[in-house]
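We name chains A, B, ... by the order of the sequence lines, and we start the count at 1 in each one.
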Amino acid sequence: MRPGTLILRAVLILAGLVVVIPLLWTLLNAFKTNADLLVGTPKLFFTPVWDNMDYVLSRRSVARALQNSLIICSSAVVIGAVLGVPAAYVIARIKNRATREAQFFALSLRFMPPVAVAIPMMVIWISLGMYDSRIALIVTYLTITISITIWLSVPAFERVPIAVEEAARVDRLGPYATFFRVALPIARMQVLSAIAFSFILVWNEFLLALMLTTSKAKTLPIVASEMSQLGMNVPWGILNAAVVLLSLPPLILLALVGRGMNTAFSKKSPQD
Amino acid sequence: VCSEDLRILAQPRDGLTLLEDYVDEFEELSGAGFEIDYLNENDRRAKSQADASTVGSYDVYYVDEANLPLFASSGWIVPLPGYYPDEYDYDDFDAGMRQVATYDGKQWFAPIQGGGDLLVYRTDILEAAGIEPPKTWDEYKAAVEALNDPAAGIYGTGLRGQRGSGANVWRWLPLYALHGGKWFESEDTPINIEAATAATQEYLELFQYSAPGTQTGSFDESTGAFRAGKIALLVESAPLGGMSVDAAQSQVVDKVAFLAPPAPLAGSGYAHGFAIAAAANPTDEEKACAGLFVAWSTSKEQEARRLEAGQPGELTRTSTYQSPAYVEAFGQNLADAMAATGNHTQVLFWQDPRWQELGNNWGIKLEELITGTRTDVDGAVKELDEFARSL
Amino acid sequence: MNRGRSLPVVFLGPALVVLIVLALIPTIYAINISLQNRTLSAPDSDYVWFANYIALFSDARFLNALWVSLKWEVISVSLTMITGIGLGIAMFEAASPRWRNILCFLFIIPVLLPRVCAAFVWKFAVHPLYGSVTWPVRALTGQTPDVLASPNSALFTVAFVDVWQWGLFFAVIVLKLLESLPPQPIEAARIDRIKGWRVHRYITLPMLKLPLISLTLVKAIESLRSFDLVYVMTRGGPGISTETLDMYAYSQGFIEAGRISYASSMAVIMLVISILMFSTIWKRIGT
Amino acid sequence: MATVECRSVRKSYGEHEVISDFSLSIEDHEFVVFLGPSGCGKSTILRMVAGLEDITGGDLMIGGRRVNDLDPGDRGIAMVFQNYALYPHMSVRENITFALERAGETKDMIARRLAPVVETLGLQVYLNRKPTELSGGQQQRVAIARAMIKTPEVFLFDEPLSNLDAKLRGHLRVEIARLHKELRSTSIYVTHDQLEAMTLADRIVLMNAGRIEQMGTPEEIYSRPATLFAAGFIGTPGMNFFNLVASGGKLTDGEISIDAPFPLSERPVTVGIRPGAISLVRDGMPGAIPAIADRDEFHGETRLLSLTAGRQSFMVAVPASVRVAEGEQVFVSLAPDQLHLFDTESGARIDA
Amino acid sequence: MATVECRSVRKSYGEHEVISDFSLSIEDHEFVVFLGPSGCGKSTILRMVAGLEDITGGDLMIGGRRVNDLDPGDRGIAMVFQNYALYPHMSVRENITFALERAGETKDMIARRLAPVVETLGLQVYLNRKPTELSGGQQQRVAIARAMIKTPEVFLFDEPLSNLDAKLRGHLRVEIARLHKELRSTSIYVTHDQLEAMTLADRIVLMNAGRIEQMGTPEEIYSRPATLFAAGFIGTPGMNFFNLVASGGKLTDGEISIDAPFPLSERPVTVGIRPGAISLVRDGMPGAIPAIADRDEFHGETRLLSLTAGRQSFMVAVPASVRVAEGEQVFVSLAPDQLHLFDTESGARIDA
Ligand SMILES: Nc1ncnc2c1ncn2[C@@H]1O[C@H](COP(=O)(O)OP(=O)(O)OP(=O)(O)O)[C@@H](O)[C@H]1O
Ligand SMILES: Nc1ncnc2c1ncn2[C@@H]1O[C@H](COP(=O)(O)OP(=O)(O)OP(=O)(O)O)[C@@H](O)[C@H]1O
Ligand SMILES: [Mg+2]
Ligand SMILES: [Mg+2]
């Protein structure tokens, strides 16, 4: 083997470790007492305690926030997909000035600083009497989910061969049926990963959730904020436990759609 | 008294977690339950400001020394008298804390936590070096310098470097006061420039002996370093006392002792507590209900429970410090120190809604000076003066 | 030919309407606020028109934030792209298909973590006293390096976490792009005596120019929202050396002063700058 | 009834007119092949017939009914695409039966119609595979099955074999011919491969630049190309052309001279002759033309000689057993009845 | 010196041995064509010669030097790929000169070497275009130019024409032949198109399943195929095969019977005969075999009849003028000197 290859492999292994070690370390730390954590020489062996996890899991707010997060994120993602995926299809299939502008518009929504959106949204939801409701947050998150879904699904549909859709038309499928029975199934893996990505973005969203909820619709990142402090302390053990908890759903999602995620960003079409 | 569940916005504390276990007790007492939302300090401040100024969805706010003036002067909270039942004995609260809870001559909140400063030191290190626990500021400085030994992993002291009116500025305030500094003695002299300069220089000098991590750290970093056995002695907010003798949080449990801050240094008084929200409680009845919660949650019974649960950082009543239970739990030494330190405690910051802005502004400059991003103390102080004038 | 003519409108219409409504209302509102002198504590406000904008340009902290944001964009985007391309090529050159799968799986994980979590993980890891990353330095030299305490290393440390999340993720994308290239030009290059990294320098990367540019664009947009990372790791410190625009706007609006009009005017400026910048780039790569 | 008729059909993309005034009538059961160079508009017409492309002007009739505005699915057609256009997410069986299912046929009915199609195309063992798991030829058969099962009135093929290798192409060509013989559906087949066109077509429509260049049976087009273009396009190896001038019963370029097959007024003519219609002769034969051999290519049965005579280069097909050395002088004679004469300027065929 | 020699070269992908014990020696200036069905290992050998594929075992010598471990760039070869493999982001000029530039040649030098190459291939006007702006044939010429400018000792071609249409393929085939005549570099050319092989090769290496099936000039292989495989693979339309039994000077299957060309012991033999070696004869001719016409295909000069005689189906090439109706009975005779006999079991040729 050439020395260059060896060096590259070393670099890759290093990069892999840079991912794995901090995560395992965090997992480990979630089972340490503060006394085991706050030591000069990191401890690999210690008596694991369940306290941190217990603290996190037994918080009433955690269960509720988990429920909220699940409902809010999945609703926003589902509605975003329902609106965004068809829109992406049109943008991918009909190439003209209008659709190009629409595509850029969808992207440009990501430019809006959340700081600027928070206050207006707050005022709007208060005046509609829907402040601190799941619906308010779902609707607000739609900007994120729709635009990301559109943005990432357009290439997925562009990769569906036109001829296949024409074959469908010859098979008596109208445009709608062509979309649902042919284009969507063919592009499904990549569309799914686009949707998964939008899920991750809203799952992790903090600022809007902070400003638009008080308790009823509070989501998990807000609860994480709660756990990043206890008294005057940063409770590192609890914090690590919270990190573990908060990271689990996206990781499970990765395991589920990992394969699609891989292909989402490659350029190969399914028929190559 | 109450018809609907109360909603409270607070900062996570063990004491409040404990309080939640007794929600039934409150329900029996008042006819309604309560629910607490928690956010960390910065998020809580941002959130409560935004909430109070718009929706007003919380019945009780958690306020602290820094945002009391803003909340009080904006009319977001109402003064306690009239809604705080007498039987809960407001005057039993630590004098320093009561002082902090006063603004514009009125009492606004019942403290949950607070206090002044403690001098905390390592008995083993001082003994080994043959140094007496410092009684005066000069002795203290000498001890810090003498005991600083990075090679052995021991640093003289721990300070706060992180920006913020409640962080680096907080530890700087006693020095400012020490040099005779006051806030807005008159319209023309918002700050005492000489005092500020001297205090800053002294603070920076001391920082040479401060443990690593504290340059951008706050309470957590410096007390953490102490509890990890890296620091010889320091003056910090009083909760450090209880934490450092808690085996779950400290590795130096048997090697610490406590004193009041070295004379003539004043303790920087602070307090956090519950206040009655104005917007969510338009009627007297609702205010009374919120007031009852404020009183109940900070009552002697609750304090006793906290003490029993080993939460020394959240005790606010003089009667508690003097109780045998306290001595038994934390030792005579800490009980004495806690009792002694109350006399040293003062309100050192500027009690005004604009304090946070001023304090934070200074905090940034101070942090720049500490981390060496800038070096001109005079210039920084002058900028602070200008900024203060612009307010 | 007549059935389903409605599809474009039915499919694109609702999404666009929802997006326009949801985007326009807050934007107009934000612009409106930015022309007033609202603060959180005072219920009343007056129109001060462009006073906030004028004030911004004599606000040293704002100018600093602008500069920091620019630095942040350049550093985080370029480091992300370098890491992504470098590791992508490394996997392409030196990893078997099995290893590629494993590494791709690993490299996607960080970007899935909530940014707040990633920030905490690394903040603790580089803690000068207890951090696991800093431990070797402590153990070997006895020094206690505090990377978040010095202005330069703080920005780079935050950028490191950003790259940890995005750069590794981009490595996966770059690998997929490389795999999708036809192998023949690369073989032709080998016959043309091009070896090692030069193959990528002269052949593959130029062939991937367009997708790489659009990746850069995506990263540049995501870098605009560095708020959570900076907020957790440094809060803009030390001093104001890592205070980016959105961080400063948040402090002004919510943490320090409650000057929401002032904060809004900053947000509006950010919005305008980014739309101008990115739409020119977008038009450029579109043609 | 499944005649297809184009009446002055036109097609423009924006300003650019691709097909202008295209008229053609295809009878029931007829197998028509559109042949022509790339870009001449073959696919465009086919796609207009299919309904995949709007018709800019004129009328398109299928089975006597004007279908200009009908959806593709309602025209009673089936189409086989160049790269198969199979549904990648469906199994072979689903691919084939999808259209029937959509049309609401019963399960029973579908099964009954599937069986013979699958049988005919030998697809039994592949029914549960996905298209990606099939070779190119198998995919092509699935595509044909998908079209067949609809028992359409008109079959459309757009270069269905062009993605396959030569061997497979030959094989499937025969299969398509057999199929058409069985089903007898009207078929339109687009290709630019003349061998396909000649072996399959009842009638070839030879196109060039959006117009019909010539129309007729393969034999007609091969033996009586109507234009220079048709003459050059059809036949492998290609026809030889000599630019000569007719004068006094002779066709000549000054160096070579051949007898005109019929009287001609004096004018420039292009004489075409296929390589097989030229024979090597002994010196001294009357009308023999001397030529120099440049190169020979072995084609199996025959050998293709490149010759030069004066200014003219041309190819001659000779039996493989004939060996001619490079640079050797040979004599050739052209069969006068196999000369094709064209007007050099207009390209039109000149007949007696 | 640029001979190429393979000495017992082997290639395995993991467990799977693709090439086993391949030995071949190619002389200087020779043009060798590897011919064989898809997947037989042609490309694999070419790529091993190029250095793009590791050699599992054996020695590869170029110009007498063992090059097994040399980088492709150092072997003095140039390669033309099936789909051209042009650098899409470079102009035609850059594509051609890239290798020279990277090798550090001076601008002057490059320009001087570029001129004749561009001239030969007629690429002047395209120099500043990008590959995507060229047609397939033009791209292929650029690919050849890129190989040519390196003045390599060995030219390698991997199915360079397979992506082009028939017309262009014929044209470029001639061009490649002309080029080789000029440059005289040793060339290895991989194809599965036998026409290309026959017209270009000095020597054909006919491969099957990783082994050499037969090696020889096109004529040798065409007229004396060494195996059944070779006989079936070479020639369009393909050879007809009859499975017969030799007995008593006759070859018979019970229904038809032909005279054996030479004495044979009694055993099953496969008789091959090309469609062109069968002729239609009048009834009553001695040895005439009656057959039924199934189908005819018009091929221009000739017409290909499918006939059935007893259990045997076969093709006959007749002049296009002969018309036979479907189902009509005809009589055919086989030219005895053009029969190829093979052992049915081993597939080996049987000679007198
Ligand atoms: N969508 C379009 N817009 C503009 N011009 C087009 C479009 N589609 C086809 N053309 C033009 O119409 C002409 C005919 O195209 P068509 O596809 O029918 O050719 P073809 O005969 O099928 O060629 P090929 O054998 O290469 O498939 C071409 O010149 C092509 O450039
Ligand atoms: N990377 C590989 N891994 C495993 N087997 C391979 C690989 N590349 C080629 N093969 C196998 O090696 C054999 C020879 O392949 P090769 O590409 O040389 O065939 P070929 O003769 O060039 O065919 P074609 O005419 O289709 O190009 C095939 O059976 C193929 O499946
Ligand atoms: Mg076409
Ligand atoms: Mg090959």
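- Centroid-to-centroid, the aromatic rings of C/Phe278 and A/Phe104 stay 6.0 Å apart or farther.
- For A/Ile91, the part lying near chain C is the side chain, with the backbone staying farther off; criterion is any non-hydrogen pair under 4.5 Å.
- Minimum interatomic distance between A/Leu12 and C/Met91 (heavy atoms only, all atoms of both residues): CD2-CG, 3.5 Å.
- Interface remark: C/Ala125 contributes no atoms to any contact with chain A (heavy atom separation under 4.5 Å).
- For chain C, the nearby parts of A/Thr143 are the backbone and the side chain; heavy atoms of each come within less than 4.5 Å.
- No part of C/Ile31 comes within reach of chain A, as not one of its non-hydrogen atoms sits under 4.5 angstrom from that chain.
- Proximity to chain A is absent for every atom of C/Trp99, based on heavy atoms less than 4.5 angstrom apart.
- By the side-chain hydrogen bond (donor to acceptor under 3.5 Å, both in side chains) test, A/Trp125 is found to be paired with A/Thr140, residues two or more places apart in sequence or in another chain being considered.
- With a 4.5 Å cut-off on non-hydrogen atoms, A/Ile21 does not touch chain C at all.
- C/Trp164 places a side-chain N or O within donor-acceptor distance of the main-chain N or O of A/Val18, the cut-off being under 3.5 Å.
- Contact of C/Leu22 with chain A is made through backbone and side chain together, with heavy-atom distances under 4.5 Å.
- For C/Ser274, the parts lying under 4.5 angstrom from a heavy atom of chain A are both the backbone and the side chain.
- By the salt bridge (charged side-chain N to carboxylate O under 4.0 Å, His left out) test, A/Glu158 pairs with A/Lys95, sequence neighbours left out.
- For chain A, the nearby part of C/Leu224 is the side chain; its heavy atoms alone come within less than 4.5 Å.
- For the pair C/Phe120 and A/Asn240, the minimum side-chain heavy-atom distance is 4.5 Å or more.
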